[in-house]
Amino acid sequence: MSSNLNSTEKAPYVLVLGMGGTIAGLAPNPEENLLKYQAGQVGVGSLLAHIESAIPEGVKLVSQQLANINSRNLSEALLSLLGKTVKDSLAHSDVVGIVITHGTDTIEETGIFLQLTCGKYAQDLGKRVVITGAMLPANAPNADGPSNLLDAIRWASTPIDNCPGGIFATMGGRACMAMDLAKRHGTALNAPLQGSPSSSVGLINPSWLSGVKAVEAVWTEDFPIPGEGEWPWVEILTSHVGARPETVIQWLGSKVNGLILAGTGMGGFHDAWKAPLDQAISHGIALVRTSRTGAGSTRPDIPEKDSAGCMASGTLSAPRARIALQLSLNAAKQANMVGKPLTWQDFFARIANLPEIR
Ligand code: ASP
């Protein structure tokens with residue numbers, strides 16, 4: 001194991017980037033209570049040393065610690081650093097693939113971020129970037145991190161049944177596109193992939209694989225990675241019983257650039273929001289409707305006609321739609337700076353219209 005990125009005797013190698021999370025967590029009393037622990041305690045080099053004897057023959061690893069945090073504290077600046085590191089490392093001819101160890105709380109956001117900013121690049125190079133994490137801390141008696149990490153290393157380094165380059169995830173013996181990660185359970189071992197279209201890592205499901213190829217065929221251009229201070233400000237508002245107009249009105253005088261509306265059912269929202277949301281549009285605030293149900297899709301003009309400029313999120317959940325809107329606002333701004341008259345809606349439509357893997 002090495003953290004020396006220039007170590008040529010290691011080449012070619014898989015780069016393992018450590019971000020923290022439960023996979024690097026420690027519980028003070030692992031025999032008694034696994035719910036009380038601190039995420040981000042163990043270095044990525046130690047996580048790799050722990051599985052050294054099981055690493056596939058001939059696979060060389062180089063590790064780099066980018067952060068060691070509880071991912072609920074993930075910042076946009078850190079996403080910028082991660083995206084830039086992934087992109088620069090993919091370009092390196094010695095790097096055959098990249099593994100990222102990450103906390104599961106916000107792995108959903110990082111998954112879509114990497115797909116939208118590095119997916120096409122990884123695909124063109126035929127290299128795999130694989131995110132993984134764990135639900136049990138590193139010192140739990142049956143810790144799931146080591147097997148998840150080994151699966152990720154295999155997935156990033158070995159030829160896998162026709163599987164192209166791109167941005168993937170492994171967890172609980174399954175693999176999915178990282179943009180399909182969604183933690184929908186607080187404690188279940190397979191929480192980040194529960195309900196996500198996925199395949200067993202050991203036996204690739206052909207219909208999943210053709211879904212991956214269909215998405216990759218449509219994703220023809222990566223979005224720029226916002227610089228540390230360039231991320232647009234986007235908030236998520238949830239519609240609910242007794243929703244108040246003030247929830248929207250309070251943003252009208254702010255510098256917020258966009259609002260994600262996590263609506264009920266098919267992405268509808270309380271009538272009390274109608275007038276203030278129209279005002280928000282006239283204040284130049286970007287609006288995207290999604291559903292708080294956690295599954296299914298939100299379509300344009302359903303359940304009611306959308307106000308001009310408000311977009312439906314397709315199958316994007318609220319956290320994913322938020323990252324997608326931030327990247328779309330940033331992409332439109334950068335396009336405008338070089339004289340291309342594209343709107344955030346032009347960019348967002350490319351994401352919302354990606355095919356759904358079944
Ligand atoms: N709170 C932890 C984190 O996201 C949860 C985990 O990794 O499973 O960092």
Side-chain angles (χ1 to χ4, degrees), residues 14 56 86 90 96-102 104 107-135 144 147-185 188-220 222 293-298 313-317 319-321 323-324 350-358:
V14 173
V86 166
L90 281 171
V96 292
I98 300 176
V99 167
I100 303 166
T101 55
H102 197 291
T104 61
I107 205 166
E108 179 173 5
E109 277 110 310
T110 300
I112 186 106
F113 166 72
L114 289 174
Q115 171 62 38
L116 301 181
T117 55
C118 305
K120 174 69 177 154
Y121 195 50
Q123 186 193 335
D124 285 351
L125 292 167
K127 296 182 183 182
R128 285 185 220 111
V129 178
V130 189
I131 310 190
T132 194
M135 291 300 289
D144 54 333
S147 60
N148 290 344
L149 184 51
L150 271 170
D151 280 342
I153 290 169
R154 283 194 206 103
W155 199 267
S157 61
T158 49
I160 293 169
D161 254 358
N162 235 330
C163 182
I167 318 289
F168 297 94
T170 58
M171 196 90 189
R174 299 197 71 79
C176 70
M177 289 194 83
M179 63 178 278
D180 287 329
L181 283 167
K183 188 175 187 180
R184 295 287 178 266
H185 194 285
L189 274 187
N190 66 344
L193 261 73
Q194 222 178 51
S196 306
S198 64
S199 168
S200 153
V201 295
L203 187 63
I204 304 294
N205 173 347
S207 79
W208 173 78
L209 192 55
S210 59
V212 170
K213 290 178 179 170
V215 171
E216 292 197 344
V218 177
W219 189 250
T220 52
D222 289 330
T293 60
S297 58
T298 305
S313 71
T315 55
L316 296 173
S317 61
R320 284 187 211 129
I323 297 285
R350 295 185 198 168
I351 309 168
N353 293 334
L354 283 174
E356 192 180 353
I357 305 182
R358 294 185 191 277

Regarding Ser297 and Glu356, is there a side-chain donor-to-acceptor distance under 3.5 Å anywhere?
no
Treating [X] as the side-chain partner and [Y] as the backbone partner, does any N or O pair qualify as donor plus acceptor under 3.5 Å?
| X | Y | value |
| --- | --- | --- |
| Lys183 | Thr104 | no |
| Asp144 | Ala134 | no |
| Asp151 | Val201 | no |
| Ser200 | Gly202 | yes |

Give me the atom names and distance for the closest heavy-atom approach of [X] to [Y].
| X | Y | value |
| --- | --- | --- |
| Val215 | Pro355 | CG2-O, 3.5 Å |
| Asn148 | Gly173 | OD1-N, 4.4 Å |
| Gly165 | Glu216 | O-OE2, 2.8 Å |
| His102 | Thr110 | NE2-OG1, 2.8 Å |
| Cys163 | Phe168 | SG-CZ, 3.7 Å |
| Pro197 | Asp180 | CG-OD2, 3.6 Å |

Is there side-chain contact between [X] and [Y], with heavy atoms separated by less than 4.5 Å?
| X | Y | answer |
| --- | --- | --- |
| Ile100 | Val86 | yes |
| Glu108 | Arg184 | yes |
| Thr132 | Trp155 | no |
| Leu181 | Cys176 | yes |
| Arg320 | Ile351 | no |
| Thr170 | Arg154 | no |
| Arg174 | Asn190 | no |

Please round to the nearest 0.5 Å and tell me the distance separating atom [atom1] of [X] and atom [atom2] of [Y].
| X | Y | atom1 | atom2 | result |
| --- | --- | --- | --- | --- |
| Met179 | Glu109 | CE | CD | 14.0 Å |
| Met171 | Met135 | CE | CE | 6.5 Å |
| Leu90 | Leu125 | CG | CG | 6.0 Å |
| Arg128 | Thr158 | CZ | OG1 | 6.5 Å |

Working for side chain to side chain contact (heavy atoms under 4.5 Å, CB included), residues Ile167 and Cys118:
CA-CA 8 Å; Ile167 318 289; Cys118 305; 4.2 Å; yes
With Ile98, the side-chain contact (heavy atoms from CB on, under 4.5 Å) member among Ile131, Val130, Leu114, Val129
Val129
Going through the checks in order, is the side chain to side chain contact (heavy atoms under 4.5 Å, CB included) test met by Leu209 and Asn162?
CA-CA 8 Å; Leu209 192 55; Asn162 235 330; 3.8 Å; yes
